[in-house]
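Inspection log for the structure reproduced underneath, given as structure tokens.
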Amino acid sequence: MKVGQALAFAILPIAIVLAILQGGTLMTRSYMDEASLQAGSALRLAVAALGGHLSRYEPLPALIADHDDIEALLQNPGDPAFRRVANDYLREINGLLESSDIYVMTPDGNTIAASNYDQPATFVGQNFHYRPYFQDAIAGKQARFYALGTTSLKRGYYFSSPVEVAGKILGVIVFKVDIDSIETSWRGGEYKIFVADPEGIIFMTGSPEWLYTGILPLDADRLSRTQASRRYAEAHLRPLPVSETVYHGQHLMSIASDGASREYLRLSQYMSEADWTVNVLLDTASVRAQARTTLIAILLFICLAGLGGAVLWQRRARVVERLRLQEETQVELERRVEERTADLARVNEQIELEVAERRLTEQELRKTQADLIQAGKLAGLGQMSAALSHEFNQPLAAAKTYADSASLLIDRGRVPEAQDNVRRISGLIDRMASISRHLRNFARKPNEKLGPVLLSDVIADTLEIVTPRLKAADAQLVLLLEEQGLAVQAGPVRLQQVLVNIVSNAADAVEGLENRKILLSAGRTDGRIVISVRDHGPGVPAAIAERIFDPFFTTKGVGKGLGLGLSISYNIIKDFDGDLTVGNHLDGGAVFRIVLAPADNVQEAAE
């Protein structure tokens with residue numbers, strides 16, 4: 001037994017080491033595959049950007065070659081006037097297209113017109129017969145070529161096209177594109193991007209130190225082919241110290257620099273139309289660091305899990321002891337819970353009785369409030385009874401006169417005039433019926449829900465009721481509605497009661513004064529509807545301003561009011577989720593302001 005244990009303890013460290021090594025390999029491989037997918041996306045974007053940039057300019061040389069000024073110049077290459085016109089045209093086109101240079105060459109390779117004709121490093125007079133783009137174009141083909149300019153010493157991509165007139169090639173038009181902007185966008189990113197020509201020479205890169213270096217051996221054949229086309233002019237070509245390996249299907253490239261070597265994950269894509277290869281490099285240091293960090297985290301987790309298991313094993317014994325104590329405690333708690341449950345049941349019964357009493361009290365309060373509102377309305381009608389009696393007596397007296405007159409007219413055979421008197425009597429009856437209907441609706445208890453209420457309708461109904469009071473006080477009511485169709489969220493009958501109370505109070509305030517004008521206005525303020533009633537009376541003294549909405553508070557004499565009108569009005573507006581306030585105007589008189597929520601959809605409210 002001891003031998004087996006010793007053997008197990010000897011094998012365990014070896015197994016752990018092998019597991020760590022195997023786990024590290026699997027982690028590194030997994031992160032390498034993930035990094036390869038990300039680098040592949042960057043490679044596709046780089047290739048698409050290059051291809052899109054170059055394809056924009058590819059058809060332009062052929063279009064420029066068909067221009068009359070270019071054809072005329074090549075037919076008369078020695079004519080200064082044609083050269084001047086062609087130079088101006090090429091410079092204008094070059095500025096519009098934002099290209100690098102455009103120039104025209106004769107069949108012997110000599111440049112006779114260029115967009116940079118007025119620059120110190122002009123191409124005019126230069127001969128580029130050795131360039132492949134010239135040799136292919138003079139042979140009648142569209143051509144492409146990447147090179148370092150021998151005159152401008154600027155890198156660019158060349159598009160060329162033959163200039164053909166009447167079936168004969170008279171020259172070549174060349175269009176040079178600057179691709180430095182794309183190269184600049186590659187700098188400072190997570191990936192290192194470079195483009196190599198067929199000889200393996202890097203001619204575009206986000207790392208300037210790699211420019212004009214070869215990732216393939218620069219043997220004599222490669223150098224001779226490069227020098228024959230003078231692709232890189234006088235640039236110094238040198239090898240880039242690289243070594244390549246394959247790690248589980250991923251291509252790795254190591255580059256030595258400043259005595260140190262860095263390893264990169266390399267992905268490449270060949271662009272056949274340009275005959276170059278785009279490469280994307282991702283530093284594997286971060287990938288390997290991620291793999292190591294993940295592996296260390298897993299090992300720490302295993303160690304913590306083992307430590308946790310040991311702690312749990314130790315605590316198990318304690319838990320058993322605690323369970324025994326808990327059972328004893330639970331029995332005691334159950335006994336106490338039963339006692340407390342009985343106590344709570346008794347308390348709950350008492351609470352239910354109190355809730356029932358409070359609900360009954362609330363119902364009685366609501367009934368009392370409704371009775372007070374009704375009493376306020378009846379009191380208001382009582383105060384206006386004399387004026388209302390006058391409103392009814394006048395039409396009745398007039399109707400009696402018209403009726404007696406109609407009887408005499410009929411006796412005398414004057415039937416049309418008698419019919420006119422009957423129509424007048426009918427109008428007076430309609431007038432009294434309208435007043436009676438509004439008084440009846442105002443006096444009865446409302447049974448209405450809140451909804452959209454049109455202010456113009458409520459104000460019109462209010463005027464039907466308060467007109468006798470206004471006449472008795474010899475007061476003038478002026479209406480000012482800022483816009484038509486104003487509507488609020490309220491109940492029409494109760495809102496009418498509020499307006500009747502406030503306008504009646506205003507009539508009381510101005511009665512007997514010189515200025516008996518009352519202004520009722522409505523408009524929008526800060527998204528709410530504000531209704532204002534202003535009189536020209538003595539105003540509200542500061543001493544009673546805070547008590548004016550209290551129940552049974554009144555400044556009128558005995559028998560002239562119950563002191564409920566403003567209190568009831570205040571509570572009605574609060575039920576509408578609004579606000580009722582009173583203040584004094586700067587020019588004198590009291591101002592009552594009713595603030596209510598606006599209503600969009602106006603329908604007639606049911607009473």
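Quick caveat: nothing in here was measured; it's all calculated off a predicted structure.
Between Leu90 and Ile70, the closest side-chain pair of non-hydrogen atoms falls below 4.5 Å. Side-chain contact between Ile529 and Leu486: present, with at least one pair of heavy atoms (C-beta onward) separated by less than 4.5 Å. The shortest distance between side-chain heavy atoms of Gln38 and Tyr191 falls below 4.5 Å. Considering only heavy atoms from C-beta on, Val530 comes within 4.5 Å of Arg593 through its side chain. Taking 4.5 Å as the limit, every side-chain heavy atom of Thr277 sits out of range of all side-chain heavy atoms of Val195. Side-chain contact check for Arg44 versus Val280: every heavy-atom pair is 4.5 Å or farther apart. Taking the side chain as every heavy atom from C-beta outward, Leu596 and Leu495 approach each other to under 4.5 Å. The shortest distance between side-chain heavy atoms of Val246 and His251 falls below 4.5 Å.
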- Which is it for Tyr264 and Ile255 under the side chain to side chain contact (heavy atoms under 4.5 Å, CB included) test, yes or no, and what are the steps along the way? CA-CA 8 Å; Tyr264 299 94; Ile255 302 177; 4.0 Å; yes
- Query: Leu63 and Leu60: side chain to side chain contact (heavy atoms under 4.5 Å, CB included), yes or no, with the steps?
  - Reply: CA-CA 5 Å; Leu63 294 175; Leu60 297 178; 4.3 Å; yes
- Task: Please report the C-alpha distance between Val165 and Leu74 in whole Å, then the side-chain angles of each, then the deciding distance to 0.1 Å, and finally whether the side chain to side chain contact (heavy atoms under 4.5 Å, CB included) criterion is met.
- Result: CA-CA 9 Å; Val165 178; Leu74 289 174; over 6 Å; no
- Task: Show your working on side chain to side chain contact (heavy atoms under 4.5 Å, CB included) between Ile502 and Leu580 and close with a plain yes or no.
- Result: CA-CA 11 Å; Ile502 294 176; Leu580 172 61; 4.0 Å; yes
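Minimum interatomic distance between Gly578 and Lys574 (heavy atoms only, all atoms of both residues): O-CD, 3.7 Å. Considering all non-hydrogen atoms of both residues, Glu482 and Arg524 come closest at OE1-N, 3.8 Å. Between Ala522 and Leu481, the shortest heavy-atom contact is CB-CD2, 3.6 Å. Of all non-hydrogen atoms in Thr111 and Phe123, the two that sit nearest each other are CB-O, 3.1 Å. Considering all non-hydrogen atoms of both residues, His67 and Tyr89 come closest at CD2-OH, 3.3 Å. In terms of heavy-atom proximity, Asn584 sits nearest to Ala590 at OD1-CA, 4.2 Å.
Between the side chain of Asp136 and the backbone N or O of Lys141, no donor-acceptor pair lies under 3.5 Å. Looking at Arg534, its side chain does come within 3.5 Å of a backbone N or O of Gly588 through a donor-acceptor pair. Proximity of a side-chain donor or acceptor of Gln496 to a complementary backbone N or O of Ile459 within less than 3.5 Å is not detected. A donor-acceptor pair is defined here as one N or O able to donate and one able to accept, closer than 3.5 Å; no such pair exists between the side chain of Asp587 and the backbone of His585. A distance-only check finds a donor-acceptor pair linking the side chain of Ser115 to the backbone of Ile102 [under 3.5 Å]. In this structure a side-chain-to-backbone donor-acceptor pair under 3.5 Å is present from Arg83 to Pro77.
Ring-plane geometry between Tyr158 and Tyr133 is classed as parallel, the angle between the planes falling under 30 degrees on a 0 to 90 degree scale with a further cut at 60.
The distance from atom CD1 of Ile173 to atom OH of Tyr103, rounded to the nearest 0.5 Å, is 9.5 Å. Atom-to-atom distance recorded for Leu73:CG and Asp79:CG is 8.5 Å, nearest 0.5 angstrom. Atom CG of residue Asn76 and atom CZ of residue Phe82 lie 5.0 Å apart, to the nearest 0.5 angstrom. Atom OH of residue Tyr157 and atom CZ of residue Phe145 lie 9.5 Å apart, to the nearest 0.5 angstrom. Annotation: the span from Glu71 atom CD to Asp68 atom CG amounts to 6.0 Å, rounded to 0.5 Å. The line from CE of Met105 to CD1 of Ile138 is 8.0 Å long, rounded to the nearest 0.5 Å.
The pair Asp579-Arg528 fails the salt-bridge criterion, with no side-chain N (NZ, NE, NH1 or NH2) lying under 4.0 Å from an Asp/Glu carboxylate O.
Leu477 pairs in a side-chain contact (heavy atoms from CB on, under 4.5 Å) with only one of the listed residues (Leu519, Leu520, Thr462), which is Leu520.
Within a 6.0 Å radius of CD in Gln484, no more than 12 heavy atoms belonging to other residues, nucleotides or ligands are found. Counting heavy atoms of neighbouring residues, nucleotides and ligands inside a 6.0 Å radius, atom CZ of Arg238 exceeds 12 of them. Atom CD of Glu209 has more than 12 heavy atoms from other residues, nucleotides or ligands within 6.0 Å. Other residues, nucleotides and ligands contribute over 12 non-hydrogen atoms within 6.0 Å of the CG atom of Asn127.
Side chain to side chain, Gln142 and Ser161 meet the donor-acceptor criterion of an N or O pair below 3.5 Å. In summary, the side chains of Asp88 and Tyr117 do present a donor paired with an acceptor at a separation below 3.5 Å, with no hydrogens or angles considered.
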